Structures are given as C-alpha cells and as structure tokens.
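These values consider heavy atoms only, across backbone and side chains, with no hydrogens, waters or symmetry-generated copies. For clarity, every value in this text was computed on a predicted model and none was experimentally measured. In what follows, every chain begins at residue 1, and chains take the letters A, B, ... in the order their sequences are listed.
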There are 2 protein chains.
Amino acid sequence: MEEIDRRIVTLLAHDGRMSFTDLARETGLSVSAVHQRVRRLEKRGVVRGYAAIIDHDAVGLPLTAFVSIKPIDPAAPDDAPERLAHLAAIEACHSVAGDESYILKVRVASPVALEDLLQQIRASANVSTRTTVVLSTPYEHRAPHVASEPASDQDRPA
Amino acid sequence: MEEIDRRIVTLLAHDGRMSFTDLARETGLSVSAVHQRVRRLEKRGVVRGYAAIIDHDAVGLPLTAFVSIKPIDPAAPDDAPERLAHLAAIEACHSVAGDESYILKVRVASPVALEDLLQQIRASANVSTRTTVVLSTPYEHRAPHVASEPASDQDRPA
DNA sequence: TATGAAACACGTTGCGT
DNA sequence: ACGCAACGTGTTTCATA
C-alpha cells in the first residue's frame, strides 16, 4: 500500500461519508480510480467498515467503564470473549498482558445497570472483575496517523 | 428522541454509509422524512460524525496498549489531555476514577515506538505511566444498544 | 492501474398536506 | 412532521489506453 491509498484511508477515517468525488479531488485521481482503490481497500480488509459516531449521553448510555476480568479457575479453557459476546453493553474486548486476562469497555445507562452487568459478566464467564469508571472523556475515536508502514505481502489475499 | 430516531441511530452505527433510501425502507418512512431526521440528529450532536473502521495491522500500527497515567505532582493543575493531544498515537483519553487519573488508548508500530511514546507522554504531561499491552482484540467498535432512554430537554439546543 | 463518458441511483430541496 | 416530485449531484460500469 502506498501514498495514495494511505491518503484515502486517512480521509475516510476522518469522514466515513466523504464522496468519491471529493476523494478524487483530494487525491488528484479520477473518480473511477479512487472508486477502484476504495473497493480494493474494503476487499482487502484495510477498511473494515463504516460507522456513525454516536453521543452515548444522548442515547441513554452515559456511563462508560473499563472492566478487567480474571478467570476464577485458571485451568479452565479460556473462552470468555465468546461467552460474553451476547452482552450488548460490551463495546470492546481486548486480550491483554498483565495480571488480568481481558479488558472490556462497557457502556450502560446507570450505576445500577453497571452492577447488573458485572453480575452477568461474572456469571457468564466465571471470572472475577475489577472495574474502572470513566468520569469524562476529553477525546476518543481519533483517527490513526497512517504513516508509511505497509501491510506485508503475505497478509494480502489473492 | 423516540422509536424511529433510535432505529436510525442503530442502523447508522452499524453502517455509517447506509443510504437514505435504505434507511427509508428500513424505517417505513419516506426518503425526505428520514433525511430530515438524520440532519436533525447530526445537528443535535446525537450523531457526532462518521468514520471508516481501519484495520490497524494493515496500516502499520499493530501494537495497541492502554496507558494509565498519574501526575508526578498532585498539586499541579491537571491539563494532561491538552498537553497530550499533539501525540497522534493517542486514540482516546478517558478521565477515570481510581488510583490513576487518565487511561489512554494508544496505537503504535512497534515496541520501540511504544517506548518512545511513553517517554513523550511522561515528558509532555509530567506523569508516571503504567502500560497494559493488548495481545489480541476479539472484538471492538460494537454498536451501542440504543434502548429507550431519551436525551433530556436541557441537552437539546434550540 | 489509469481515464472519460454514459447510465443509473441517490441526495437534496421546495411545496403541498 | 410527513410525502411527493423535480432537479442536481454522486455512484457505478464500461470501453479504452
């Protein structure tokens, strides 16, 4: 992936609805050339999708928290992500190095809803939890600074 | 905000490029009615923007980490978010309850780049850092389950 | 991989209800 | 607040280089 693709990715990361016409103007290519490139980036999975960025306060989910989890039985098979996937309040699940095994990012309506969610997490995955409540979010969803590092050839599908 | 708006928000959260035509079909409204509602949701800040979801591995940022920071001098004014905003590797900054003051989510190209970033964070904001490296991400960017809770009247601009 | 043009679909606006 | 219809713009495909 080279210069123009990186520029397209950056532009779309900032405005996922930018038109092909505008992308063409910004890159100096024709509309059909950028169209081709965007479709290729989507097909290769570099662009994985598009999403509206939602104000969680405005939709009744004003409470964000990070929940670190640790298995009660360290010998049991670790399938926590699948066991927790049904809980819609969980926005993200990261496997991490360190004392705990996963960090979950969750969004709920209230402290009581968080309490309820934690019980569901513990019950669903047989884990203990440690919760860090978010007080405010100065910024979030900042677009990546796509520099020069390319995807390796072996990552590229036929 | 009621039923149809919540449905629109959910659909756009899943596919930020969905056409007004498709939104109209899904909601049972006319294209212009949906158009009106989307513009209003944008204007009110319920929909804060649109973004392409990027595969960080494919753009040369395969290393994700959470960096918790704590001021060296607890008496100094806390302006860490502004002091750190210039670092493009920082995707998000959350003020949190607990022992530390902020949790940063960062994306870098390599362990060396992370080491360098941590030095920059410490120097820029006069903080100590505690870093949790992400090993893998089972899921991320899941759309919120927009239930029934409305935005309060006083949140609504004229 | 690029371009330009043609065919088509969509976004956008104004007006009537 | 919604629907309809007209208009302009954006998307998509194709022929060509």
Side-chain angles (χ1 to χ4, degrees), chain A residues 1-55 58-60 146 148-158, chain B residues 1-55 58-60 146 148-158:
Chain A
M1 191 176 61
E2 37 58 87
E3 188 54 32
I4 295 180
D5 280 342
R6 280 185 269 122
R7 178 126 187 77
I8 290 173
V9 166
T10 301
L11 289 164
L12 285 176
H14 279 92
D15 178 5
R17 287 193 85 120
M18 184 174 287
S19 72
F20 292 98
T21 307
D22 288 345
L23 287 171
R25 205 191 327 279
E26 295 285 342
T27 56
L29 264 61
S30 69
V31 173
S32 43
V34 279
H35 185 263
Q36 240 178 139
R37 280 169 179 268
V38 171
R39 289 291 175 256
R40 195 183 54 193
L41 289 167
E42 290 171 355
K43 186 163 152 289
R44 288 185 182 171
V46 179
V47 172
R48 297 175 48 182
Y50 302 88
I53 297 169
I54 303 304
D55 179 348
V59 297
V146 180
S148 53
E149 194 83 1
S152 76
D153 278 345
Q154 71 180 9
D155 289 342
R156 192 186 315 159
Chain B
M1 192 176 61
E2 39 57 85
E3 189 53 32
I4 295 181
D5 279 343
R6 278 185 271 123
R7 178 127 185 77
I8 290 173
V9 166
T10 300
L11 288 164
L12 285 176
H14 279 92
D15 178 6
R17 285 193 85 119
M18 183 174 288
S19 72
F20 292 97
T21 307
D22 288 346
L23 287 171
R25 205 191 326 280
E26 295 284 343
T27 56
L29 263 63
S30 70
V31 173
S32 46
V34 175
H35 185 262
Q36 238 178 141
R37 280 168 179 268
V38 171
R39 289 292 175 255
R40 195 183 53 194
L41 289 166
E42 290 171 355
K43 187 164 152 290
R44 289 186 182 170
V46 179
V47 173
R48 296 174 49 181
Y50 302 89
I53 297 169
I54 304 305
D55 180 348
V59 296
V146 180
S148 54
E149 193 83 1
S152 75
D153 278 344
Q154 72 179 8
D155 289 343
R156 191 187 316 159

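Atom NZ in Lys43(A) sits about 17 Å away from atom P in dT12(D), given to the nearest Å. Computed from coordinates, the Arg44(A) CZ to dT1(C) C1' distance equals 12 Å when rounded to whole Å. Distance, Asp22(B) CG to dC10(C) P: 7 Å, rounded to whole Å. The nearest whole Å value for the distance from the CG atom in Leu29(B) to the P atom in dG11(C) is 15 Å. The CD atom of Gln36(A) sits 11 Å away from the C1' atom of dT13(D) (whole-angstrom rounding). Rounded to an integer number of Å, the gap from CZ of Arg17(A) to P of dG10(D) is 14 Å. Taking atom CG on Leu23(A) and atom C1' on dT9(D), their separation rounds to 15 Å, with Å as the unit. dA1(D) atom P lies 12 Å from atom CD1 of Ile8(B), rounded to whole Å.
A distance of 8.0 Å separates CD in Glu26(B) from CG in Leu23(B), rounded to the nearest 0.5 Å. For the atom pair CD1 of Ile8(A) and CZ of Arg37(A), the computed distance is 5.5 Å after rounding to the nearest 0.5 Å. Note: Asp15(B) CG to Tyr50(B) OH = 11.0 Å, rounded to the nearest 0.5 Å. Here the CD atom belonging to Gln36(B) is positioned 8.0 Å from the OG atom belonging to Ser30(B), to the nearest 0.5 angstrom. Atom CG of Leu12(A) and atom CZ of Arg7(A) lie 11.0 Å apart (nearest 0.5 Å).
Note on the helix from dT1(C)-dA17(D) to dT17(C)-dA1(D): terminal axis deviation equals 30°, with five pairs used at each end and the result rounded to 10°.
Heavy atoms only, all atoms of each residue included: Ala51(A) and Ala13(B) are closest at CB-O, 3.4 Å. Contact record, Ala33(B) with Leu29(B): CB-CD2, 3.7 Å, taken as the closest heavy-atom pair.
Proximity of Val47(A) to Ile53(B): side-chain heavy atoms (C-beta onward) are nowhere separated by under 4.5 Å. Residues Arg6(A) and Glu3(A) have side chains in contact (heavy-atom distance under 4.5 Å, counting atoms from C-beta outward). Considering only heavy atoms from C-beta on, Arg44(B) stays 4.5 Å or farther from Asp55(A) through its side chain.
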Can you give one letter per nucleotide of nucleotides 12-17 of chain C, going 5' to 3': B for a protein heavy atom under 4.0 Å from the base, S for sugar-phosphate only, - for none? BB----
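Comparing dA1(D), dA2(C), dG3(D) by their closest approach to the side chain of Ala33(A) singles out dA2(C).
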Polar atoms only, N or O, under 3.5 Å: list the protein pairs with nucleotides 15-17 of chain D and their distances.
none

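Phosphate contact (OP1/OP2 of dT9(D), side-chain N/O of Ser19(A), threshold under 4.0 Å): absent.
Relative to the six-membered ring of Phe20(A), Arg17(B) meets both conditions, a distance below 6.0 Å and an angle of at most 45° to the axis.
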